[in-house]
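Scroll down for the structure; my scribbles are underneath it.
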Amino acid sequence: MSQPRILMSVALWSWFLFLPLVITSPIAAQTPTSEDATAAPSQNEWANWHYSAYLDVAYLLDFNFPENHRWRSRTTSSRFNEFAPNMGFLNIRKDAMADSRWGMELGAQGGNDSKDFAFLPNEPKVDGSDTLRHVQRANVSYLAPVGKGLTIQAGLFNSLIGYESLYAKDNANYTRSWVADNTPYMMFGVNVRYPVNDQLTVTGFIINSYYHLAHPNDQPSYGAQVAYKPTGQLTVTETLYAGPDQSKTSFDFWRFYLNSIVEWKSDDLVLALSYDIGTEAIANQPGEPRTFVMGGNLVGRWHIAGPWAVALRPEFYWDRNGRWTGNEQFVKAMTTTVEYAVPFGWTNTRMRLEHRWDESTGAEGGFFKGGDVTPGVPGLTASPHLLILALLWTFDSP
């Protein structure tokens, strides 16, 4: 069994090993007296436990009507002109808090968006990846009593790179940006986070690869993040990734990726600017060319009133050598979204209507369209228009 497969197996089972520590914490270990042995657990006893569920279904209409129903160079929301069950998950989480320092998270997922989100183009996959892609989260955490609190987390956790989530419910728009689709949505390894003060938080991480289900080698990758909050509404985040993501692991062939985010948030308005840049020399190509990628977007979301909100996201993405998307291209896109939300108890049902326009140019640019150039070779067009209707249902315990 390969090292990444062993590590992933450890993540899946580690919560069982740490669960006794969690449930024997000072709060959970209180033994009821004979008078209250049958009483329900107190509110404090279960305050750090949370349960959630999610369902995402959509219909994406591409007016170019590609016969293969696929969105070229994309890994999420990638099926057109058919009913698309894009995502669903179940999750249980216990927060690591000062009164109960052990935490854990475990979740399972499925749907179209769980198929291709965690792989490097033209690089080997982790053994058993078709099963492991259904693991939504599997981690344990500990809040160490050091200074303002040092949090250590190990296993499969949410990515520290990027602004948007794999799950559309967490984003202003339904479809993800090009920057988001080409950075990790999850990470497997260890991260350590420390709040230096109320404005500054620093994080370091060691992970198995840029994408957690890729297996280009047996060497780890590294990264660091600085989050600065000068005011209650403004946050600036810088994250650097560095590591080997191909068979040759010498430092000359490491991938370097910098993710920069500036977010301003009020009760009804959110503005977020993202800018990413990355580079990597390729060992197995003539001349060992240095690849380069750059992308950025501006997300704006306005809660108009009551259940209504609108969002706008202009963006660009340049994959000079095709290392990130698989094709040499420059992409521009504009996404506009209208949302109607219906909260009820612990659930929230959101309906989104979205229009999206993309344009891909360059040596290998383009999107699939109806009709083959030759048998089995689909035709390409530069600019598809998409109309999307999505239903997002969430359940979150307090």
Side-chain angles (χ1 to χ4, degrees), residues 50-58 74-78 84-93 95 105-114 117-118 133 135-137 139 153 156-187 212 225 227 235 237 239 259 261-274 276 297-303 307 309-313 315 335-343 346-354 356 388 390-398:
H50 308 278
Y51 311 88
S52 61
Y54 175 54
L55 181 63
D56 166 0
V57 295
R74 299 283 299 183
T75 60
T76 59
S77 304
S78 58
N86 282 327
M87 181 56 70
F89 71 65
L90 297 171
N91 178 280
I92 179 173
R93 184 184 87 250
D95 296 331
E105 189 174 18
L106 184 68
Q109 66 183 15
N112 291 341
D113 286 355
S114 70
F117 72 99
R133 67 182 176 84
V135 181
Q136 187 239 8
R137 296 286 188 271
N139 60 72
Q153 187 178 46
L156 182 64
F157 48 84
N158 189 50
S159 175
L160 292 162
I161 300 175
Y163 182 73
E164 293 175 80
S165 168
L166 175 63
Y167 311 109
K169 69 181 183 67
D170 300 324
N171 305 325
N173 304 99
Y174 178 75
T175 56
R176 266 62 83 201
S177 68
W178 285 87
V179 164
D181 240 21
N182 291 285
T183 49
Y185 287 114
M186 301 179 190
M187 289 179 169
H212 74 281
Q225 181 183 90
T235 304
T237 306
T239 308
N259 166 236
I261 302 169
V262 179
E263 182 190 53
W264 186 89
K265 180 185 293 187
S266 68
D267 290 340
D268 294 320
L269 181 64
V270 177
L271 296 172
L273 176 66
S274 297
D276 287 21
N297 61 69
L298 175 65
V299 175
R301 184 183 187 275
W302 177 36
H303 173 224
V310 294
L312 182 70
R313 184 187 62 217
E315 61 177 303
T335 306
T336 307
T337 309
V338 178
E339 177 183 279
Y340 185 86
V342 183
W346 291 359
T347 69
N348 193 8
T349 303
R350 305 176 201 178
M351 290 158 281
R352 289 183 180 174
L353 180 65
E354 183 165 293
R356 176 165 176 154
I388 302 156
L391 178 67
L392 311 176
W393 178 86
T394 59
F395 168 90
D396 290 294
S397 67

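In this text, all values refer to a predicted model and were calculated from it rather than measured experimentally. Along the sequence shown, the residues carry numbers beginning at 1.
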| message | Nearest 0.5 Å, please: how far is CG in Leu273 from CG in Asn297? | response | 7.5 Å

| query | Do you know which two heavy atoms are closest between Trp178 and Asn182, and how far apart they sit? | reply | O-ND2, 2.9 Å

| field | Closest non-hydrogen atom pair, Val135 against Met186 | value | O-SD, 4.1 Å

| In Å, rounded to the nearest 0.5 Å, how long is the span from CG of Leu269 to NE2 of His303? | 12.0 Å

| task | Taking all non-hydrogen atoms of both residues into account, name the closest pair between Met87 and Ser114 and its distance. | result | CE-N, 3.9 Å

| Residues which pass salt bridge (charged side-chain N to carboxylate O under 4.0 Å, His left out) with Asp56, listed by chain and number, not counting sequence neighbours | none

| request: Without swapping roles, check the side chain of Thr235 against the backbone of Glu263 for a donor-acceptor pair under 3.5 Å. | output: no

| remark: CG (Leu298) and CG (Leu312) are apart, to the nearest 0.5 Å, by 7.5 Å

| Does a side-chain heavy-atom distance below 4.5 Å link Glu105 with Asn91? | yes

| task | Give the intermediate values and the outcome of side-chain hydrogen bond (donor to acceptor under 3.5 Å, both in side chains) for residues Asn86 and Tyr174. | result | CA-CA 11 Å; Asn86 282 327; Tyr174 178 75; 2.7 Å; yes

| field | Test ring pair (Phe, Tyr, Trp, His ring centres under 6.0 Å) applied to Phe89 - qualifying residues, sequence neighbours left out | value | Tyr54, Tyr167

| task | Report yes if the side chains of Val299 and Val270 come closer than 4.5 Å at any heavy-atom pair, otherwise no. | result | no

| Closest heavy-atom pair and its distance - Ser165, Asn171 | N-OD1, 2.8 Å

| query | So with a 6.0 Å cut-off around CH2 of Trp264, is the heavy-atom count from everything else above 12? | reply | yes

| query | By side chain to side chain donor-acceptor pair (under 3.5 Å), which residues pair with Thr75, not counting sequence neighbours? | reply | Asp181

| request: Hey, could you give me the CG/OG distance between Asn112 and Ser77, rounded to the nearest 0.5 Å? | output: 8.5 Å

| query | Has the side chain of Ser159 got a donor or acceptor atom that lies under 3.5 Å from a matching backbone atom of Pro184? | reply | yes

| said: What's the separation between atom CG in Asp396 and atom CZ in Arg93, rounded to the nearest 0.5 Å? | reply: 8.5 Å

| said: Any side-chain to backbone donor/acceptor pair from Gln225 onto Leu160? Under 3.5 Å, distance only. | reply: yes

| said: Let me confirm one number: the OG1-CG distance from Thr336 to Asn173, rounded to the nearest 0.5 Å. | reply: 8.0 Å

| task | Say whether, by atom type as modelled, one donor and one acceptor occur between the side chain of Gln109 and the main chain of Arg133 under 3.5 angstrom. | result | yes

| message | Among residues at least two apart in sequence or on other chains, which ones pass side chain to side chain contact (heavy atoms under 4.5 Å, CB included) with Ala118? | response | His212, Leu213

| remark: Scanning both residues in full, the closest heavy-atom pair of Asn259 with Gly162 reads OD1-N, 2.9 Å

| query | Does Leu156 reach the side chain of Asn139, with side-chain heavy atoms less than 4.5 Å apart? | reply | no

| request: Please identify each residue that fulfils salt bridge (charged side-chain N to carboxylate O under 4.0 Å, His left out) with Glu315, with sequence neighbours left out. | output: Arg313, Arg356

| task | Only counting residues at least two apart or in another chain, list the ones meeting side chain to side chain contact (heavy atoms under 4.5 Å, CB included) with Asn158. | result | Arg137

| Is there a side-chain contact between Leu166 and Gln136 (heavy atoms, below 4.5 Å)? | no

| request: Give a yes or no answer on whether the side chain of Asp170 reaches the backbone of Glu164 with a donor-acceptor pair at less than 3.5 Å. | output: no

| Is Arg74 reaching over with its side chain to a backbone N or O of Arg176, donor-acceptor style, under 3.5 angstrom? | yes

| field | Ala341 to Asn348 - nearest heavy-atom pair and separation | value | CB-OD1, 4.0 Å

